[in-house]
Amino acid sequence: AAAKIQSVARGRQARKSVATRKASLDEQQKQAQQEEEKQAQQQDAKAKEEAAAKIQSVARGRQARKSVTTRKASLDEQQKQTQQQEEKQAQEQTQQQDAKAKQEAAAKIQSTWEGVIYSF
């Protein structure tokens, strides 16, 4: 009878030990699965951040190119206006010089005719 009692006690102890090991393994597997999920979420978040950074980079590049184009057009317009003003000023100077030359020529002609008229 003592052998039977010992056998039952050892069986109960072995089942308890197996249950403890099984629970420990289940807990380890659960932790490993949670860690894998956490890493997957971190990788997903990192991928999303990289994608967002790339989108922002592309948008900033597009905006910068547009800004440069706008500035270049503005500078071209300013240069065109400046060139037109310079051409207008050059024309005005030429006209003034022509007018001055005509006045001088007229004055010279008049002065020579005055001498001719008074000499008669």
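This chain uses plain numbering: 1 for the first residue, then up along the sequence.
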- prompt: Are any side-chain N or O atoms of Ser17 and backbone N or O atoms of Gln13, one a donor and one an acceptor, separated by less than 3.5 Å?
  reply: no

Q) Less than 4.5 Å apart, any side-chain heavy atom of Gln78 and any of Leu75? A) yes

Side-chain ion pair, Lys48 and Asp44, N-O less than 4.0 Å: yes

Rounded to the nearest 0.5 Å, the CD atom of Gln29 sits from the NZ atom of Lys22 at a distance of 10.5 Å

dist Gln43:CD -> Gln41:CD (nearest 0.5 Å) comes out at 11.0 Å

### Task
Decide yes or no on side chain to side chain contact (heavy atoms under 4.5 Å, CB included) for Lys30 and Asp26, but give the supporting numbers first.
CA-CA 6 Å; Lys30 190 176 183 180; Asp26 287 344; over 6 Å; no

Here the gap from Glu49 atom CD to Gln56 atom CD, rounded to the nearest 0.5 Å, amounts to 10.5 Å

In this structure, NZ of Lys100 is separated from CD of Gln103 (nearest 0.5 Å) by 9.0 Å

### Task
Let me see the working for Glu35 and Gln31 under side chain to side chain contact (heavy atoms under 4.5 Å, CB included), right down to the final yes or no.
CA-CA 6 Å; Glu35 186 64 31; Gln31 286 177 353; over 6 Å; no

Please test Gln93 against Gln89 for side chain to side chain contact (heavy atoms under 4.5 Å, CB included), starting from the C-alpha separation and ending with a verdict. CA-CA 6 Å; Gln93 282 181 339; Gln89 287 175 352; 5.6 Å; no

NZ (Lys72) and OG (Ser67) are apart, to the nearest 0.5 Å, by 13.0 Å

Look at the side chain of Ser74 and the backbone N and O of Thr70, then say whether any donor-acceptor pair between them is shorter than 3.5 Å. no

